[in-house]
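Each remark here refers to the structure printed beneath this line.
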There are 2 protein chains.
Amino acid sequence: MAEGEQSAKMAARRQAMLDAAAAVIFEVGYERASLAAIVRRSGGSLSTLYQLFGSKEGLFEAMIVERCACIMEELSSPDLSARGARAVLLAIGHAFMRVLLAPDALALWRMVMAEGIKFPRLPQIFFSCGPDRLHAKLAEYLHGLDQAGYARVPEPLFTAKSFCMLVHGDLYYRVVTGVRPQPEPAELAAHIERAIDMFCRIIQLAPAGEAGDSGA
Amino acid sequence: MAEGEQSAKMAARRQAMLDAAAAVIFEVGYERASLAAIVRRSGGSLSTLYQLFGSKEGLFEAMIVERCACIMEELSSPDLSARGARAVLLAIGHAFMRVLLAPDALALWRMVMAEGIKFPRLPQIFFSCGPDRLHAKLAEYLHGLDQAGYARVPEPLFTAKSFCMLVHGDLYYRVVTGVRPQPEPAELAAHIERAIDMFCRIIQLAPAGEAGDSGA
DNA sequence: GAAGAACTGTAATGTACGTTACATTATCTT
DNA sequence: AAGATAATGTAACGTACATTACAGTTCTTC
């Protein structure tokens with residue numbers, strides 16, 4: 001049990017350092033984040049940090065990988081339980097926006113954009129953890145709607161990607177760049193509904209609720 | 001004429017420094033870019049740089065402002081001369097993507113995302129130079145289509161934004177993050193056409209060419 | 001063409017920080 | 001509980017770089 005305690009404690013320290021790194025780096029950016037500030041926040045020591053992660057770059061990569069998995073997890077299993085295709089799409093849209101607009105997800109995306117050139121693995125990991133999985137699930141669902149005759153989705157994957165584009169829309173850009181504050185729930189809901197309306201016209205989904213109740 | 005030559009020469013130096021700053025900063029990022037490297041590239045001297053821009057931050061802001069205006073200019077006057085609404089939308093889509101996918105525009109967008117927290121003016125300038133103007137013009141055009149009865153566009157501005165979203169789509173994200181290379185012209189054209197097809201369904205534009213020849 | 005201003009090159013300064021080294025303390029094994 | 005192992009705190013090292021100071025050079029202007 002002693003050994004277990006040992007590694008458990010080290011694992012906790014490791015996690016604390018990842019959390020501190022995320023907090024500091026997300027706030028000021030990779031280059032401006034100092035390891036001293038991270039250690040000050042996490043507890044432990046600089047020596048331990050170097051032992052666990054090898055370098056500043058190592059810590060950064062580990063932190064981003066961990067954050068990608070953690071933040072994007074919710075996107076990989078969308079909730080398809082609502083009654084009616086439009087309701088399902090609405091639920092997916094809401095879950096999507098809830099994840100995207102979470103402060104950590106905003107910061108993560110900024111990091112991926114900012115440091116993707118220097119750390120090419122990051123965007124790859126980000127896409128495979130997040131968008132790729134969601135697109136695949138969504139495409140599958142849309143294909144089901146098509147097969148069942150409730151909608152016309154000749155290109156499910158492209159259509160799934162377009163769904164995401166319409167839903168996050170201009171709003172996401174403005175929030176992530178900080179030119180506008182987070183939307184109030186009502187505004188967000190209105191935004192999503194308008195996007196879903198458009199999307200339903202794209203796939204020619206019957207506007208009323210009668211279609212798609214068990215579509216996929 | 002002597003004074004004119006003087007300031008003309010200084011203006012050229014200033015421009016060279018802005019260009020060099022763009023080249024270096026776009027390549028390695030703001031923090032990693034050294035003023036020495038910029039001066040080495042631009043010619044002139046560090047002293048002149050400080051005289052013209054005051055500080056590294058001053059140079060950076062000036063460079064971004066200049067680049068925003070320069071890169072986004074093409075977007076503010078979309079070409080509406082094509083025959084038929086769908087052809088106009090296609091032309092706008094192509095111009096839009098040509099601008100967005102230019103290497104400098106990709107780098108500019110990365111900078112706005114990366115440094116927007118530290119330099120809040122940058123995203124504001126970026127949006128007002130680029131997206132805001134394009135959205136307004138496009139909304140105006142779409143409203144014209146609606147008035148003429150060629151399409152149904154109850155919310156022109158939101159619809160214009162959605163147009164941009166659909167056109168740049170997932171493709172833009174992947175190129176700007178570097179997870180995929182620039183598309184070949186054929187692939188790009190196919191992407192845009194699919195997006196326009198979808199958009200035409202949204203606004204219920206007649207698929208054939210008979211409508212909208214002088215719609216706006 | 002000489003006085004003066006503006007521009008340039010280089011060196012100096014101060015600071016911040018990644019990384020390493022080492023002495024000290026805590027933890028685990030037996 | 002003693003010895004071995006690992007974690008911590010601190011300090012030192014080297015480097016990179018923004019910013020300033022200054023001496024030399026070129027251009028402007030009368």
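The structure presented is a predicted model; accordingly, all values stated were derived computationally and were not measured. Sequence lines set the chain letters: A, B, ... in the order given, protein chains first and strands last, and positions in each chain run from 1.
Taking side-chain N and O atoms only, A:R13 has a distance below 4.0 Å to OP1 or OP2 of D:dT8. Dashed line: the shortest gap from a side-chain N or O of B:S45 to OP1 or OP2 of C:dC7 is not under 4.0 Å. In terms of phosphate contacts, B:Q51 brings a side-chain nitrogen or oxygen within less than 4.0 Å of OP1 or OP2 of C:dC7.
Taking the six-membered ring where the residue is Trp, A:W109 and A:F126 present tilted rings, their angle falling between 30° and 60°.
Taking 4.0 Å as the cut-off between side-chain N and carboxylate O, B:R98 and B:E74 count as a salt-bridged pair. Ionic pairing of B:R41 and B:E27 is not present here: no N-O contact between side-chain nitrogen and carboxylate oxygen is shorter than 4.0 angstrom.
Residue contacts shown for B:A33 are limited to sugar-phosphate atoms, with no base heavy atom under 4.0 Å away.
Note: CG (A:L49) to P (C:dC17) measures 15 Å, nearest angstrom. Atom P of nucleotide D:dC22 and atom OH of B:Y50 are separated by 17 Å, given to the nearest angstrom. Whole-Å rounding puts the B:L59 CG to D:dC17 P distance at 15 Å. To the nearest angstrom, C1' of D:dA7 lies 16 Å from CZ of A:R14. If you measure from atom CG of A:L52 to atom C1' of D:dA7, you get 10 Å, rounded to the nearest angstrom. In this structure, B:L46 atom CG and C:dA11 atom P are separated by 13 Å, rounded to whole Å. For the pair A:R40 CZ and D:dG9 C1', the computed distance is 14 Å after rounding to whole Å. Atom CD1 in A:I38 sits roughly 11 Å away from atom P in C:dC17 (whole-Å rounding).
A donor-acceptor contact under 3.5 Å links the side chain of A:S47 to the base of D:dG9.
Set against C:dC7, D:dA18, C:dT20, the side chain of B:T48 has C:dC7 as its closest nucleotide. The side chain of B:L35 lies closest to D:dT19, out of D:dA21, D:dT8, D:dT19. Ranking C:dT19, D:dC17, D:dT19 by closeness to the A:K56 side chain, first place goes to C:dT19.
Counting non-hydrogen atoms of other residues, nucleotides and ligands closer than 6.0 Å to CD of A:E187 gives a total above 12.
Inspection of the A:T159 and A:S162 side chains reveals no N or O donor paired with an N or O acceptor under 3.5 Å.
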